[in-house]
Each structure stands twice: as structure tokens, then as C-alpha cells.
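Notes follow the structure.
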Amino acid sequence: MKKRRFRIVAFIVAAVLFVLLSVRGTKKQEQITETIFLPFSSALDPANISRQYPTPSLIPFLGDGYLGYVDSVSNKLYAAQFSDRAAIDSSGWISYDRLATAFHAFSVGSKPSTLAGYGYPWFKSSRRFMIRADQMGIAEIRTDGSIVWEREFPMPITAIDATPTTLGIGFLDGSIRLLGTKGENLYSESWNYQQNSQYDSQHIRTVYGIALSGDARYAVVFRGISPRTIDSYRRAGTGFVKFSERQLHGGSPLQATMCYAEDDSHVVIAQGGQLIYYNTKKNYIRELADVDASASPDSDTLVQHYVLGPTGSNTIAVLQVQSKNPKAAKVLILKHGIIEREESGAVSVSVGKGTLIIVRRDGVGIVKGWQQ
Amino acid sequence: MKSTKLIAICFLFFIAFLGSLGAFDFQVPTAADIAGFGTILAPLGSSNAKESQTAKPGFIPRSDIALKTEYAEIQAPSSGAVIYSQHESPLASVFSFPLGGAVAILHPESYISLVSGLVLDDAMFNQTGKGHENSLKKGASLGQAIGSGIYPEGYCGVRLFDLKNSLWINPLFLASWLHDRTAPVIQNVWLTNGNMQGNAPIELKTTVSRGKYIECQQATYEVSVAAIDSIIPGSRSFSAPYKIVIVLDGKTSIDTSFIAASCKNEGLSFLGNPAPSSKVILENGAYLVGRILLQRGQHEIEVHVSDYAGNESSLKTSIMVN
């Protein structure tokens, strides 16, 4: 009798736990409360943003021809057009042309200005960098364009990622450097040409992509063609130490884009038509897409993937572009590598507190209750 | 004695280096305009000191050559395996790197070439990788020259890395089609002694009229030379000269050239100066070429600046050291 009662109680407890856990698992989906579309045609001028504006509610976005801010509280869109390229963060933006000659800076709450530069501005993790025009140097810059520190390298930069504390750089010859907030060396791995007598493509292990976890405790480096590897590093004291190497089959020499998920559970790598999922906790790899392998009958269409960045928790946004006219784009939001959301016609995304901004060519979609 | 040894070592290195390069079947694209290796990067085609002063961010020497070719299509300069390619993102929402479309090829002779400033052919995406060994034949189309962050519209760049010696080599040695009959122009030569506070640099070219002496104190002086060269006659670009020799009282004291840039942890080293490469260019846009010791007495200084074809300009000055 006692045994039976215990079983009933155990069943009830298990059922309650199951219900609680399963509710928790779908909680994020259920909290998407509102989706609004704001067209660029009705956007406000970013010059109207006051300096005292509570910046946490302003989410910067960069589209294909438009950039600006979304006020996620009042649902206001501040947007401006740019003709060629731009980099944006919560303080402002720099637009520039592909010849790196016409730099225009905008700071929130200030008048537009011009600045001198010799490279392409690249903003990440509330830090601003200028990648030197010959790709063999980098400088961290202030909002007025002045240089905080600069470094030159003996090899062209082929991959880059940054956190508030660490800058990770990969190079053509397979070297990597991890630099601190003042540009100081935290870790470097170089290939010694003089000590190596073999110079075939198996031994030159070009870095195609690098990703740092949000807290910069981990780094993942995607390098080499044959073998192609995903090398993992973890912080050890003031430096880093390599702790894992995973091999992938035959590779392509294309530059890749990659990033960590916000919860550090995995990394997604995009290289041309390929999409690769790497689970950093369980150390396994899954190929998500290989457009070349699944060759479509329309062989003229070139499909390319670009990792846009983490979109909260265990999700990562990827841009898919079909190169032929008309150029078609869509954003895929992957949850552990599985498509969670697909936005046809979208060119970019941005994430703020509980808000996902989907950037399209004609306006932005605001998804509220995202990942809360 | 020391300088004689140094010159001998440089000569041997030069012979060994060019000897191995001579066997390399590498074709620099024929160009209508060139900004050569060592040229100050920022304003393409201008090594003019006054102009360059306003462009500090790019105040570094080139480790490549920028070319404006007759036809936009750029071909692989030599056979090899593609080890890296980057292209400009089709949408502005994704960051593109400043070299634009670029292809790095590993050549069997242990060199890596990097051709950039291109819009890559689709073939570069479809044919490379996936078990195709990424091999590329000399003359295969890489793409169209369109320029990028480092190159003006319609220009592309070629750079060449020597894996065995860890050097970025001046690719102009492999441009067999070059026919330059114009000598470089020496704009000015300065002697600077950093220890003598308040003393302005001594200008060798402009300060003294013929037959008179320049007077200075006994010390070791840094020698800097502002010179430009037009590699292709009539073209819009000026380049750094190739070779600079300083002769003191009939003996060669400095013999330096833009034959290559060596790789250091801090960046690139040009003309024997420490890395990073910005250390080779002074604020006035002149190249720092070395140091000479001037002892008391009268001295003759000769400055010889030559280009790749051997055309030479010279400057001779008398100095009285007190």
C-alpha cells in the first residue's frame, strides 16, 4: 500500500516537473508579443536623436543602403541612406566608399563630420577599429577617428573578431594573434618559415575565420585546406592555450564568416555555399548546408552564406544571398544549427534587449519579446 | 671596414636571392601605370613630401605594386594552388575587407603571390575547393581589376612573398616588359642628428651654392633622402626609387634598396630600418636610409639614386665638420 502511494506521488511529481520544464522550453517562442513593420519612407532623421536619449532603447542597424536606429520603446525608426559602405554602433556611424576615400562620420546627438582614415572602419562589441587599406595593420579608433593604438603585421589579415576585452586576428600564413585592449599581445601562434622545409598547401594553413566567445574565454580558429581544421583555444592565465583540433573533409580557400552563440554552446561557420555547425561543448561538427554539393540545375546561380552574428541565447543569424539577378537575399535564424526563423527579403538583423530587428530593403521589422 | 663587410654580405644576398627568383616563371601583368614597391601608400602616385604630410594614416611604404593594366581582366601570374580568396560582399550589410577581391596562390617555387583589387570571376568560387586541389594554371582568369581600399578605380595590386627567406619581394624584378629610360629625381637629402636639440636637419641639396661648404658638427647623422621615380614614362604615378647609395670620401657608406621587406614581429622592415614600416618614412616624406659618422675635417658626400633599369641621379656636396 505504501509502495503504491509512493508511486502515485512520484508520478505526480514527475508530471509536474515535466509540465514545468516543457513550458520553460517553449517560453521564448510564446513571448513574441508583437511584430511591427516600419518603412524607410516614413523614417525620422537620425539628426533628431538627442544626445540625452536613453541609448539602451536605441538599437543600431545596418542594411543594404540604409542604416540607423530603432527605438524599441516608442517604435520609432531613425534612418539615413548611405551609398557604398558603413559601420554603425550605438554612438554613431562612419560611411565610406570602397576606395576608402570619402569618410563621413555621424555621432548621435552631434553634427555630421568628415574624418581622415586610411582603411575600412569595422565596429564590434562597442569598439571601433580601422583595418588598414593594405590589410596589414589595424588601429583602434575613438569616435572622432583619432587612434587609440595601432599595430602592423608582417602578413595580410584574413580573419577578425573582437570582444570588449580581446581582438582576435588570423593571417594568410596561418598565424593568429590575440590582442588586449591596448593592442598588447595576449597570445600569438606563428609559422616559422625557416624551420619548415615544406611549402605545399598542406603546410600553409591560412586562417579563414576566427570567433571569440562573448567573454573572450574561448576562441575558435577555422584554418587550412587539407586538412581543414577547427582549432579551439581557451584562456589560461593571461594568455591562451589550444585544447582541441577537429578535422573536416576537403576544404575551399574562401574567406569565412563565423561567430559564437551568445551562450557559447556552439559556433556557426559560413564559407561560400557551406554552413558548418560546431558544438563547442560536445566537440562535434555538423554540415548544415553545402550548396555546391547539392548542385541545383540552375548552375549559374551562386549561393553564398554570411554569418551575421549571434541573436541571443543559442541562436545565430545567417544571411543567404543568391548572386544572380535579381539578387535574392534571406536571413536564417538558426537555433543550434536548425532553422528557427526564415525571413525572405531580409538583408540583415540587429538585436536589442528583448527585440529583434529584421532589416529589409524597404524598412525594418521589429519583433518584440525576442529571446526573453 | 665594417661597411665593406656589410656591402659584401648584401651583394651575396642579392645574388642568391635574385638567382632563385630568376628561375621563377612569374608574369607581372603589363601595365600602363605603376606605383612601385616602397612608394608611400596614402596618396597613390605621389611621393611628394609636402603632399604626403596631410595623409598621415597611410604614411607607410607599399609592400606591393599597384598596376593599371590595359585590359581589366587579370590573369594568374604563375601556376600554383589557391590557398586563399576573398571577395567583396554582395550586400553592404556584411563587412568586406579593404583589399577587395583577392586571390593568394602558393607557387611550387615556395612563393605566395597575392593579387587584389579585383572582382573575382565566379569560377574562383566554383572551381576551387571540393577536391579540385585548388590548382590554377598560369594565365587563368582571376577576375577584373576594379580597385579597392588600397587601389584607385581600375587598379589592382600584386605582392609576392618568399617563404624560404620570409620576405615580401619587390615584384618589379619580374616585370620583364619594363622599359624605363628616365632617371629618378632627388628632391632633397637631409642629415639629422637627433642628439643635437634645436638643430634643424642639414639640407644637402638646397642650402649651399656651388663651391661652398656646408658646416656641421662632428657626430653620427641619420641620412634621409626624398626621391621619386617615374617607372612608366608619361604615367600619372610616381614611385619610390629602387636603390640609394651614399658615398663618403669615395667609400660607400650606405647601400640600400627596395629589393624586399623583411618580416618582423612588429611588422615590416624596409631599407634595414626596424619594423613597423612607418619607421622608414620621416615626417617630411623622406626615406631614412642609414647613418654616417662625420669626423672633423672636410668631406665629400655623394648621393646616388637609381631605378630598376639602372638609370641614376647623383648629388655631390662638400661638408666641413667642426
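No hydrogens, no waters, no symmetry mates; every other heavy atom, side chains included, goes into these values. Sequence lines set the chain letters: A, B, ... in the order given, protein chains first and strands last, and positions in each chain run from 1.
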Original post:
Which is it for A:R98 and B:I146 under the side chain to side chain contact (heavy atoms under 4.5 Å, CB included) test, yes or no, and what are the steps along the way?
Top reply: CA-CA 10 Å; A:R98 53 185 303 283; B:I146 59 163; 3.0 Å; yes
**OP:** Give the intermediate values and the outcome of side chain to side chain contact (heavy atoms under 4.5 Å, CB included) for residues B:L163 and A:I204.
**Re:** CA-CA 10 Å; B:L163 279 160; A:I204 307 294; 3.7 Å; yes
**OP:** Please assess B:F95 against A:Y120 for the test side chain to side chain contact (heavy atoms under 4.5 Å, CB included), listing each intermediate value before the final yes or no.
**Re:** CA-CA 9 Å; B:F95 178 73; A:Y120 280 7; 3.9 Å; yes
**OP:** Go through the steps to decide whether A:R361 and B:L91 satisfy the test side chain to side chain contact (heavy atoms under 4.5 Å, CB included), and finish with yes or no.
**Re:** CA-CA 11 Å; A:R361 288 203 164 90; B:L91 300 181; 3.0 Å; yes
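Of the two parts of A:L62, the backbone and the side chain both hold a non-hydrogen atom closer than 4.5 Å to a non-hydrogen atom of chain B. Contact annotation for A:Y66: neither backbone nor side-chain heavy atoms come within less than 4.5 Å of a heavy atom of chain B. Both the backbone and the side chain of B:S277 come within less than 4.5 Å of a heavy atom of chain A. With a 4.5 angstrom heavy-atom cutoff, A:I157 touches chain B via backbone and side-chain atoms both. For A:A256, no part lies under 4.5 angstrom from a heavy atom of chain B. Only the backbone of A:F153 comes within contact range of chain B, with at least one heavy atom under 4.5 Å from a heavy atom of that chain. Heavy atoms of A:F61 lying under 4.5 Å from chain B are absent altogether.
Partners of A:R127 according to the salt bridge (charged side-chain N to carboxylate O under 4.0 Å, His left out) rule, which considers only residues two or more places apart in sequence or in another chain, are A:E140. With sequence neighbours excluded, no residue forms a ring pair (Phe, Tyr, Trp, His ring centres under 6.0 Å) with B:Y84.
No side-chain donor from either of B:S278 and A:E152 sits under 3.5 Å from a side-chain acceptor of the other.
Interface check for chain A: of the options B:G147, B:S89, B:S96, B:G100, the most heavy-atom pairs under 4.5 Å are formed by B:S96. With chain A as the partner, the residue from B:A261, B:P276, B:S93 showing the most heavy-atom pairs under 4.5 Å is B:S93. Interface summary for chain B: among A:D64, A:V321, A:D97, the most heavy-atom pairs under 4.5 angstrom belong to A:D64. Of the listed residues A:D134, A:L308, A:I88, the one with more heavy-atom pairs under 4.5 angstrom with chain B than any other is A:D134. Looking only at heavy-atom pairs under 4.5 Å with chain B, the residue among A:A86, A:S188, A:A87, A:P156 that has the most is A:P156. With respect to chain B, the highest number of heavy-atom pairs below 4.5 Å among A:L67, A:V307, A:T158, A:D84 belongs to A:T158. Most heavy-atom pairs under 4.5 Å with chain A, from the set B:G80, B:A275, B:A102, B:G149: that is B:G149.
Between the side chain of B:W168 and the main chain of A:P154, a donor-acceptor pair closer than 3.5 Å is present.
The structure places CE of A:M136 at 9.0 Å from CD1 of B:I60, a figure rounded to the nearest 0.5 Å. One distance of note links CG of B:N265 with CZ of A:R151; it measures 7.0 Å at 0.5 Å rounding. Remark: A:I225 CD1 to B:N134 CG distance equals 4.5 Å, nearest 0.5 Å. The line from CG of B:L106 to CG of A:D173 is 12.0 Å long, rounded to the nearest 0.5 Å. With values rounded to the nearest 0.5 angstrom, B:I112 atom CD1 is found 6.0 Å from A:M155 atom CE. Atom CD of residue A:Q135 and atom OG of residue B:S116 lie 8.0 Å apart, to the nearest 0.5 angstrom.
A:L99 and B:Y151 make their closest contact through CD2-O, 3.2 Å (heavy atoms, listed as atom of the first residue, atom of the second, distance).
B:I83 has its side chain out of reach of A:P253: every pair of non-hydrogen atoms, C-beta onward, lies at least 4.5 Å apart.
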